[in-house]
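Dropping a structure here in structure tokens format, bear with me for questions.
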2 protein chains.
Amino acid sequence: MTLNTLVDHSNCEDCPIRHRAVCARCDADELIALEEIKYYRSFEAGQTIIWSGDQMNFVGSVVSGIATLTQTMEDGRTQMVGLLLPSDFVGRPGRDSAAYDVVATTDVVMCCFRKKPFEDLMNSTPHIAQRLLQMTLDELDAAREWMLVLGRKTAREKIASLLSIIARRDASVSQKGLSGPIVFDLPLTREAMADYLGLTLETVSRQISALKKDKVILLEGKRHVTVPDIGRLMEEAGDDADGGFLV
Amino acid sequence: MTLNTLVDHSNCEDCPIRHRAVCARCDADELIALEEIKYYRSFEAGQTIIWSGDQMNFVGSVVSGIATLTQTMEDGRTQMVGLLLPSDFVGRPGRDSAAYDVVATTDVVMCCFRKKPFEDLMNSTPHIAQRLLQMTLDELDAAREWMLVLGRKTAREKIASLLSIIARRDASVSQKGLSGPIVFDLPLTREAMADYLGLTLETVSRQISALKKDKVILLEGKRHVTVPDIGRLMEEAGDDADGGFLV
DNA sequence: CGGAACCTTGAGGTGTATCAATGCTTGTGG
DNA sequence: CCACAAGCATTGATACACCTCAAGGTTCCG
């Protein structure tokens, strides 16, 4: 069996996603209540965490790794509708069947809560509900930004948009700022990128090659990317490069 | 001046969106507190309610009419990212500049609250925050469903998807059920539909003509639509017609 | 070494965009 | 009451971005 469930009452204070996850606003007592009901689960790269339509008896946060949220049509066309990074929340309080497939793209560790106890705790702990509202509003903004990408951008702009988002997130995590070159590894296959961008994997491959030829990005192997000038990349994405990001 | 602001402490109990809006869960006392700070504003068809980037000093609910949420790129490409119907909420607590343009498509009446007093009330009234969370989660689901439409559906499927959504909403409002023909007026121009679907207005026009020729819909004039068989329309949309809707 | 997974590149086809002309409604002013 | 303009919609011809199908390359692992 590749699935691993650990009951672990380790200290939330030391958790790497403590300040960003659904528990971000909780104070010490509230964390203790959460620790009582939490447990960890691990998933291997490629594993499906949740099947669309299945009963959802838990909710939780991604602690490490990357997962995707995808929808599939009857004829097999698929569209990724969300990218789950560490601290992102999975599951919807008040609903019991899953609306999307959740798939681990890399190895993933999740901090889970059984749904019912979590809902009870949410009702008695405004800090959790407040934080969840804030996170949901952020996700809604991200989804709407992505609607512009899907609906109106060219293939080249779509690729540049995706790379720009990953590059900026990585720069903010590694605290390097946006003035120098940004280096990162692509966490997605060409096919997963295609599913995110509403393209075919061939088009993704061609456009990445084109951006490389034009020196917008440098590639070492298939996944290791260097962005020499994030402003240039954002121009290629059709975004306003002076939107207040480059302070 | 076409803009009309009315201070109106009329009874929330009689409000047409009482049971669906952000105040849906409020009890009598809470409604009184809301009545203290609410005011109505009217907008004419075509008027911009909020400009993207502007200071947002109020939030509110659509009481009647239809508004759109749109994003625009520097070169003028636009994508609609939301359709605001009666009871939908506008504005984001905790943010002070607007992220999108909000435009009245028909004449619109909104029930507004100044942002600060509303935020205060939200913190002291869990029922409001709870309802807002629920509504935001619903909007997120709708946005993700739309991502599939934008990313993976053909022009014909896109049109069918939009018509199917409007048709089903109208059927649910008029309590007619989904067994017989559904009749409604399109609340959007061809151009607005194109902006919603990530198409050009010419393609929208062609696909509507095609669906008409194939008897999937009947048209009287340019806006008055009859859907003889909603199941057929949902098939055209690529949706599973027996997804539990046709009970 | 052989196979599997992933990626790249090419050739040709197709769906939608673009450009352009025309039609239909509605409202306005002479 | 007609003439005209403005806004919205339809239809046609053509262009091109992206998809589809196909072959071959790279990397990794048993």
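Side chains included, hydrogens not; waters and symmetry mates left out as well; all remaining heavy atoms used. In what follows, chains are A, B, ... by sequence order, proteins preceding strands, each numbered from 1.
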Which residue, A/Gly198 or B/Ser205, contacts DNA chain D at a nucleotide closer to its 5' end, judged by nearest heavy atom?
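Here B/Ser205 is the residue nearer the 5' end.
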
A/Ser209 side-chain proximity, nearest of D/dC18, C/dT8, C/dT9:
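It is C/dT9.
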
Can you tell me the distance, in whole Å, between the CD1 atom of A/Ile208 and the C1' atom of D/dC18?
16 Å

Going by the rule ring-ring contact (aromatic ring centres under 6.0 Å, His included), which residues pair with B/Phe113 if we only count those two or more places apart in sequence or in a different chain?
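B/Phe118.
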
B/Arg156/B/Asp214 ion pair, N-O < 4.0 Å:
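Salt bridge between B/Arg156 and B/Asp214, a charged N being under 4.0 Å from a carboxylate O: yes.
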
Salt-bridge present (A/Lys153, A/Glu236; N to O < 4.0 Å):
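No, this pair does not count.
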
Separation of C/dT8 C1' from A/Arg223 CZ (nearest whole Å)
14 Å

Looking at A/Asp141 and B/Arg92, is any side-chain nitrogen of the basic one under 4.0 Å from a carboxylate oxygen of the acidic one?
yes

Atom CZ of A/Arg190 and atom C1' of D/dT27: how far apart are they, to the nearest Å?
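After rounding, the gap between these two atoms is 13 Å.
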
Exercise: do A/Ser164 and A/Ser161 side chains pair donor with acceptor under 3.5 Å
no

Sort out for me which residue in A/Lys158, A/Gln79, A/Met80 forms a side-chain contact (heavy atoms from CB on, under 4.5 Å) with A/Leu197.
A/Lys158

Which part of the nucleic acid, if any, lies within reach of B/Thr189 when heavy atoms closer than 4.0 Å are counted: base, sugar-phosphate only, or nothing?
sugar-phosphate

Which pairs count as salt bridge (charged side-chain N to carboxylate O under 4.0 Å, His left out) when at least one residue sits in residues 215-230 of chain A, sequence neighbours excluded?
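Listed by first then second residue: nothing to list.
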
For B/His224 and D/dA9, give me the distance from atom NE2 to atom P, rounded to whole Å.
16 Å

Name the pairs: protein N/O against N/O of nucleotides 20-25 of chain D, kept only if under 3.5 Å.
unit_1: D/dT20; atom_1: O4; unit_2: A/Arg206; atom_2: NH2; d: 2.9
unit_1: D/dC21; atom_1: N4; unit_2: A/Glu202; atom_2: OE2; d: 3.1

Specify the separation, in whole Å, of atom CD of B/Glu220 and atom P of C/dT25.
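Nearest whole value for this atom pair: 12 Å.
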
Is there a residue in residues 145-162 of chain B whose heavy atoms reach under 4.0 Å of DNA chain D, and which residues are they?
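Contacts with DNA chain D under 4.0 Å: none.
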
Within this structure, what is the CG-to-P distance between A/Asp185 and C/dC7, rounded to whole angstrom?
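Nearest whole value for this atom pair: 13 Å.
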
Going by side chain to side chain donor-acceptor pair (under 3.5 Å), name the residues that satisfy it together with B/Thr78, two or more places apart in sequence or in a different chain.
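If we apply the side chain to side chain donor-acceptor pair (under 3.5 Å) test to B/Thr78, skipping adjacent residues, the hits are B/Asp195.
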
All side-chain contact (heavy atoms from CB on, under 4.5 Å) counterparts of A/Leu140, not counting sequence neighbours:
A/Arg144, B/Thr136, B/Glu139, B/Leu140, B/Ala143

Which one, C/dC6, D/dA9, C/dA17, comes nearest to the side chain of B/Leu199?
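It is C/dA17.
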
Return the value, rounded to whole Å, for the distance between atom CG of B/Leu219 and atom C1' of D/dA9.
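Nearest whole value for this atom pair: 11 Å.
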
Across the strands shown, which category fits A/Gly46 at heavy-atom distances under 4.0 angstrom: base, sugar-phosphate, nothing?
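Counting heavy atoms under 4.0 Å across all strands, no contact is made by A/Gly46.
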
Atom pair distance, as rounded to whole Å: CG in B/Leu201 and C1' in C/dT22
15 Å

